[in-house]
Asks: 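Handing you a structure now.
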Amino acid sequence: MSENSPTPPVVSDGAPQPVTVSDESPSTDARRIGPAFRTSHPLASGPVVQPAPTVDGFVETFLGELNYGQGTLLSQSTLNDQYLALARTVRRYLMADWLETGARRRHAQQKTVGYLSAEYLLGRQLGNNLLATNLQDVAEEAMRRCGIDIATLRAQEVEPGLGNGGLGRLAACFVDSLATMDVPTIGYGIRYEYGIFRQTFEDDRQVELPDSWLSLGSPWEFPHPERQVLVGFGGSTETSTAADGTQHTRWVPDWTVLGMPYHYMVPGFRNGVVNTLRLWSARATHAFDLQIFNAGDYTQAVRAQTFAENISKVLYPEDSTPQGKELRLQQQYFFVACSLHDFIDNTLPADFDLHRLPERIVFQLNDTHPVIAIPELMRILVDRKGFAWDEAWEVTQRCFAYTCHTLLPEALEVWSVELLGRLLPRHLEIIYRINEEFLEQVREAFPGDEMRVRRMSVIAEHPERSVRMAYLATVAGAKVNGVAELHSQLLRDKVLPDFSQLWPEKFTNVTNGVTPRRFVRLANRRLSELLTDTIGEGWVTDLDRLRELEPYADDASFREEFRRVKRENKERLYRLLAVRDGLRLPQEAMLDVMVKRLHEYKRQTLKLLHIVSLYDDLVSGRVAPEEMTPRTVVFGAKAAPGYHLAKEIIFLVNSVAGVVNADPRVQGLLSVAFPANYNVTLAEKLIPAADLSEQISLAGKEASGTGNMKFALNGALTIGTDDGANVEIRRLVGDENFFLFGMTEPEVERRRAAGYTPAEVYETTPALRRTIDLVASGHFTGGDRQAVAPVVDNLLHEDAFMALADFSSYLEAQSRVDAAYADPEAWTRSAILNVARSGFFSSDRSMRDYLERIWHS
Ligand SMILES: *Cc1c(COP(=O)(O)O)cnc(C)c1O
């Protein structure tokens, strides 16, 4: 091999070769990459600034991108060429701010928030970036001059669906707010090659298609191969004793992958700040294992490569129910190992004293997915940086904070000791030691209480030996927070009671929020204009100012304008659904929307029972058409592919929709739509058009919800249980502007303790019985009773989330909704008050709370 060609490291097929993991950049390409460039050129350390935007300038840059970026002429270009050229044009206007923000952050050396999240449900980027740069009008006019309708190009973008639902969307809202608030932040995550699946329906059943969001090019990302990180897996640990008697342990992995970062811009709202989202992609360490290759087994050599690259191949489509799969643990460790290494070795100055690490970073753990970062930091400090254990533990405890997102026991992540030890042997040792020392602390605080010690152990013994990740996060984290007041309280009292007794000061609440930029300003342009005309534009970054709207609730002409906005949003939505899904929906009816992941605890079946009972009331003549408040119900929901009952519920919703929509007796009075593939893009169209927001989870099960906040901010009234952030929404908007129903959490507990039997509710509630009987008869499935049996039997015999128990209360609340909607002036007044009083639910406020309660403490 010549002097210049890099030597690929070769792993021999027999004994594992020791590899130094994450200690240096992979040697293979280092010489070709070279060191950072130094020169005295005057433009070397400031960006070449894009000239101030004019329409002419924008056209010129756009055409330049088409010619020199896409290699095509406008007259020859495809839609995709045009979209990519437009995206790259917009990107240019962000670039100087991005480079400057980076330079400023390096210089200032402030404390950074490292947001660790396995999911970011970003939504489309083009619109958001046009908004952030204030280029919407310029770009629209520039495209018009080129003969292009910008809306067509917007529609060309496939949203990066790198998350399942609420948790991933929360991370996206948080990084948006942190940029708008100019908080030094790095969002760390995984660049899945395939995000959440694309949902279609065949014969009313969900079919999953791969989401190949990268296939037509991805103009918003910047690969940085020079910042690749090597990550190890498997192997064993070796302990040696030095001359002075100190022991030193070292992990010898037996296989490695490379993490390649892709950087995404996270622009603040017109403030010159662009933060970075750094998502990791897995690559094989060696293009080929030369020994296998030379032995003639080409396929085997390639397979090893494919194996490594599987790690970031696909997002697990489970929401709330982790599967405990090996690849999932590989993903988790992969991205946190890359992220910690990136921050410690590539972001901090080379001579940084790591004893001061907590002054420079706080890693916020978005649920338990990144919790393996805790033993990883211990390993880095103890094994690699020579810290004593206690010193390392002191630092580690101050570098992490943990956000819990659930109350469902089945959603609390555990990893079997067998798997963890096989994949990450050194981390398992570290976890054991953390646990030993922690349990000693428990014994000291509660002498003689061995039951408590066993309850609190990070290691569970049954049904198999496993590591409880939420406990590990609680032991190590400086703070633990729930995501709404009720949730944080239940977290303290029900999920982690022993821990909150031991460390009451560790527990805190930060109620979730949503970004007003995407979910109001971008999604609801008409409402935004009305708001800005009425109270000025400050609300976009100071959402509490929506309060100034309150007096206008009593202004008849404002109400008229507000109704116009809703009406036009509905028209826009129905035009879209006609093209997108072939749906035809009546303009005048109340628009009642339930969009969120399909899960039993969220109770889409309860909504379905309401629809069937309305339908039955009409066709049986119990309710005359003129007594009915016309409704259109829209569902949007993906079910995890392996969650059979959820998929049966989807089938049933589609079946009911088919029959109801085709029945002339209910035409114009009741329609049901279930557009496929609910995602951020669809949410942005649906929510601004909604009159009624369905937030009907069983009390005590929904940690917070954020969909509920988006709806309230867009002037929908909520029908909801006393659950999650609904509690706070109701308190803020006022009882009279919220439709409450159902059991409270303590009532749920009592009911369960008394022995809940759904069949009894069915027997004793005539309206419920009629409704379920109609479904069970096969009326909605062409007479096929078998097809509805899974859902019906589950409701009658299990009903784990007590839909039947809340049925009567729900129907009663829905009749209050009907009555209220019949008075448009009063309804509009309530809707305006929902907007005016929901400023609290800005994710900017959530970020202020994190800063105050967690990151600065
Ligand atoms: C906001 C949002 C969610 C979360 O909705 P919830 O009703 O809080 O469960 C899920 N998916 C998408 C696409 C969202 O925008």
Side-chain angles (χ1 to χ4, degrees), residues 119-124 127-128 158-174 176 195-199 211 213 315 317-321 366-367 405-408 411 483-484 486-487 511-520 522-524 592-604 606-607 634-640 646 675-688 690 692-698 701-714 716 718-721 723-729 801 838 841-843 846:
E119 302 188 8
Y120 289 89
L121 192 53
L122 294 170
R124 285 181 177 161
N128 188 58
V158 183
E159 70 169 69
L162 310 183
N164 274 288
L167 175 140
R169 184 53 236 176
L170 187 77
C173 285
F174 282 5
D176 177 274
I196 185 66
F197 64 85
R198 194 156 59 80
Q199 178 192 54
D211 159 55
W213 69 288
L315 168 77
E318 273 103 33
D319 189 62
S320 303
T321 41
N366 193 26
D367 214 289
H405 279 273
T406 188
L407 286 164
L408 305 175
V483 289
L486 173 67
H487 174 239
T511 299
N512 282 166
V514 300
T515 170
R517 270 71 65 187
R518 182 176 291 271
F519 287 106
V520 184
L522 198 60
N524 201 339
D592 173 356
V593 182
M594 182 164 191
V595 287
K596 47 187 74 256
R597 280 302 285 262
L598 204 307
H599 205 292
E600 288 165 87
Y601 84 81
K602 292 178 181 275
R603 302 201 294 191
Q604 278 91 355
L606 181 56
K607 177 75 243 167
V634 175
F635 287 90
K638 290 178 185 175
N677 201 40
Y678 177 58
N679 59 8
V680 178
T681 306
L682 185 57
E684 288 171 21
K685 297 291 194 300
L686 271 170
I687 292 170
L692 185 66
S693 159
E694 299 273 352
Q695 308 300 337
I696 61 177
S697 52
L698 177 64
K701 298 298 172 188
E702 186 74 89
S704 160
T706 49
N708 48 3
M709 302 169 184
K710 300 169 197 165
F711 280 100
L713 279 167
N714 281 280
T718 304
I719 182 165
T721 46
D723 201 14
N726 294 354
V727 177
E728 289 155 80
I729 293 176
F801 298 94
S838 293
F841 299 107
S842 167
S843 43
S846 304

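Counting starts at 1 for both ligands and their atoms, following the listed order. In this text the structure is predicted, and so the values were computed from the model without any measurement.
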Asks: By side chain to side chain donor-acceptor pair (under 3.5 Å), which residues pair with Arg169, not counting sequence neighbours?
Replies: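 Not a single residue meets the side chain to side chain donor-acceptor pair (under 3.5 Å) criterion with Arg169.
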Asks: Give every pair made of an N or O atom of ligand 1 and a protein N or O atom lying under 3.5 Å apart, one pair per line with both atom names and the distance to 0.1 Å, or write 'none'.
Replies:
unit_1	atom_1	unit_2	atom_2	d
ligand 1	7 (O)	Lys596	NZ	2.7
ligand 1	8 (O)	Thr706	N	2.8
ligand 1	8 (O)	Gly707	N	3.0
ligand 1	9 (O)	Lys602	NZ	2.8
ligand 1	15 (O)	Lys710	NZ	2.6

Asks: Strictly below 4.0 Å, N to O, side chains only: are Arg124 and Glu159 in salt-bridge contact?
Replies: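 Salt bridge absent between Arg124 and Glu159.
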Asks: Looking just at side-chain N and O atoms, do Arg597 and Asn164 make a donor-acceptor pair shorter than 3.5 Å?
Replies: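 Note: Arg597 and Asn164 side chains meet the donor-acceptor criterion.
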Asks: Taking ring pair (Phe, Tyr, Trp, His ring centres under 6.0 Å) as the definition, give me every residue that meets it alongside Phe197, ordered by chain and number, with sequence neighbours left out.
Replies: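 Ring pair (Phe, Tyr, Trp, His ring centres under 6.0 Å) list for Phe197, sorted by chain: empty.
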Asks: Charged N to carboxylate O below 4.0 Å: is that the case for Arg517 and Asp176?
Replies: yes
Asks: Could I get the full list of side chain to side chain donor-acceptor pair (under 3.5 Å) partners for Glu318, not counting sequence neighbours?
Replies: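 Not a single residue meets the side chain to side chain donor-acceptor pair (under 3.5 Å) criterion with Glu318.
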